[in-house]
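Note that the numbering runs from 1 along the sequence shown for the chain. Both backbone and side-chain heavy atoms feed into the values below; hydrogens, waters and symmetry mates do not. Since this is a predicted model, take the numbers as computed values, not measurements.
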Amino acid sequence: MPTPTSPSSPSRESPSAETGGPASRRELNKAATRQAITDSTLALLRQNGPGNFTVEDIAEAAGISRRTFFNYFGSTEAAIASVTNGFLDSALEQFRRRPADEPILESARAALAELADPMTVAPLAELFGLTQGNPLMARSELEAWDHCTEQIVAAARERSGTGDGTEQDELYVRALAGSVVSCGKAAMDVWFHRCGPDMSPESLSVLRQLLIDSMALLGSGFAGPVPPPKETPAKPSTRNAERS
């Protein structure tokens with residue numbers, strides 16, 4: 001299986017999450033450390049399999065102390081979940097860049113389309129493949145998708161201007177977030193059923209398109225795919241007509 005490349009570390013011009021301006025050296029160092037932990041976790045998962053490495057193993061592979069590890073993650077499961085979180089956070093960042101008056105689900109579809117390089121979904125896809133059929137890993141996947149749900153809730157509130165605490169607002173944003181996450185999971189399931197653990201660019205391109213299509217289905221209210229045109233019965237040949 002080809003090893004997917006990890007997302008590049010933030011550049012010096014990367015915006016700060018707090019200020020919207022250029023990130024400070026401290027923020028860049030923290031982002032680099034977090035990425036090193038994530039990369040080391042995925043490498044150990046790939047090499048040893050689920051449940052066969054410890055926090056100490058991750059810290060050693062990342063070149064940090066055990067104490068530093070716990071400054072970023074509370075467990076090996078949380079570090080594993082961060083692999084999926086990296087992709088989901090990138091998609092949410094693209095979502096927040098969409099026009100404020102654009103329908104939320106159209107923004108979600110466009111945000112996924114903006115992640116043009118199929119290899120962007122590689123860590124998400126590889127983790128999904130590595131954790132299939134392993135109950136031990138179900139917890140880390142749940143953490144990742146729960147994280148995504150809360151992030152979508154926050155983004156939907158920002159977009160819709162809701163969030164005044166009414167039950168109707170809460171129902172709307174949580175139903176929306178849950179639907180988006182369920183569609184994402186469905187796309188992952190269909191991809192793995194079709195492609196298995198194939199991590200080629202072609203396979204990853206299929207996954208990316210399935211994620212985009214799942215948002216389109218949700219946006220259309222699950223109207224369903226357009227049925228193929230019915231085949232027109234072939235006319236009998238002149239020779240056959242003459243024989244009859």
Side-chain angles (χ1 to χ4, degrees), residues 1-8 38-39 42 45-46 80-99 101-133 137-138 140-153 155-156 159 175-229:
M1 178 189 299
T3 301
T5 55
S6 301
S8 59
T38 298
D39 291 345
L42 183 56
L45 182 63
R46 188 186 299 127
I80 291 169
S82 71
V83 175
T84 300
N85 291 342
F87 170 80
L88 299 176
D89 288 346
S90 295
L92 284 164
E93 181 182 350
Q94 292 294 334
F95 175 87
R96 288 188 169 95
R97 293 178 180 177
R98 302 298 302 175
D101 59 350
E102 187 175 61
I104 289 177
L105 291 175
E106 174 58 25
S107 291
R109 187 204 62 78
L112 289 168
E114 284 295 322
L115 302 175
D117 183 0
M119 291 302 290
T120 304
V121 303
L124 175 75
E126 185 174 14
L127 182 63
F128 188 85
L130 289 169
T131 57
Q132 286 302 291
M137 302 305 301
S140 64
E141 278 294 284
L142 182 61
E143 287 179 0
W145 290 107
D146 282 349
H147 165 81
C148 181
T149 300
E150 292 306 316
Q151 292 293 321
I152 294 172
V153 166
R159 175 64 61 85
L176 176 66
S179 298
V180 169
V181 167
S182 293
C183 285
K185 288 181 178 179
M188 297 293 297
D189 287 336
V190 170
W191 167 76
F192 193 76
H193 178 74
R194 288 184 186 177
C195 302
D198 180 9
M199 295 293 294
S200 67
E202 293 77 16
S203 174
L204 296 173
S205 181
V206 169
L207 173 56
R208 173 178 168 271
Q209 189 59 50
L210 285 169
L211 289 166
I212 294 170
D213 291 346
S214 70
M215 294 301 105
L217 283 172
L218 183 56
S220 70
F222 294 98
V226 178

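Leu204 and Val121 make their closest contact through O-CG2, 3.7 Å (heavy atoms, listed as atom of the first residue, atom of the second, distance). The minimum heavy-atom distance linking Ala122 with Met199 is given by the pair O-CE, 3.2 Å. Phe222 and Cys183 get closest at one heavy-atom pair: CZ-SG, 3.8 Å.
Side-chain contact between Leu210 and Met188 is absent, with no heavy atoms from C-beta onward closer than 4.5 Å. The side-chain heavy atoms of Ile152 and Phe95, taken from C-beta on, include no pair separated by under 4.5 Å. The closest side-chain heavy-atom distance from Gln94 to Leu112 is not below 4.5 Å. Side-chain contact between Glu150 and Asp146: absent, with no pair of heavy atoms (C-beta onward) separated by less than 4.5 Å. Side chains of Leu105 and Leu176 form a contact here, defined as non-hydrogen atoms less than 4.5 Å apart.
Summarising the geometry, atom CG belonging to Leu42 is positioned 9.5 Å from atom CD1 belonging to Ile80; distances are rounded to the nearest 0.5 Å. One finds the CE atom of Met215 at 12.5 Å from the OG atom of Ser107 (value rounded to the nearest 0.5 Å).
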Verdict with supporting geometry, Gln151 and Asn85, side-chain contact (heavy atoms from CB on, under 4.5 Å): CA-CA 10 Å; Gln151 292 293 321; Asn85 291 342; over 6 Å; no
- Query: Should Thr84 and His147 be marked as a side-chain contact (heavy atoms from CB on, under 4.5 Å) after you check the CA-CA gap, both sets of side-chain angles, and the distance that decides it?
  - Reply: CA-CA 10 Å; Thr84 300; His147 165 81; over 6 Å; no
Run the numbers on Phe128 and Asp189 for side-chain contact (heavy atoms from CB on, under 4.5 Å), then give the verdict.
CA-CA 9 Å; Phe128 188 85; Asp189 287 336; 3.2 Å; yes
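Remark: side-chain polar atoms of Ser203 are paired, donor with acceptor, to backbone N or O of Asp198 under 3.5 angstrom. Between the side chain of Thr149 and the backbone N or O of Trp145 there is at least one donor-acceptor pair closer than 3.5 Å. In this structure a side-chain-to-backbone donor-acceptor pair under 3.5 Å is present from Arg208 to Ala113. In this structure, Ser205 contributes its side chain and Pro201 its backbone to no donor-acceptor pair below 3.5 Å. Proximity of a side-chain donor or acceptor of Trp191 to a complementary backbone N or O of Gln209 within less than 3.5 Å is not detected.
Between Glu106 and Arg109, at least one side-chain nitrogen of the basic residue sits less than 4.0 Å from a carboxylate oxygen of the acidic one, meeting the salt-bridge criterion.
Each of Leu127, Leu92, Leu211 was evaluated against Phe87; a single residue qualifies, Leu211, per the side chain to side chain contact (heavy atoms under 4.5 Å, CB included) test.
The 12-atom threshold is exceeded at CZ of Arg96, counting heavy atoms of other residues, nucleotides or ligands nearer than 6.0 Å.
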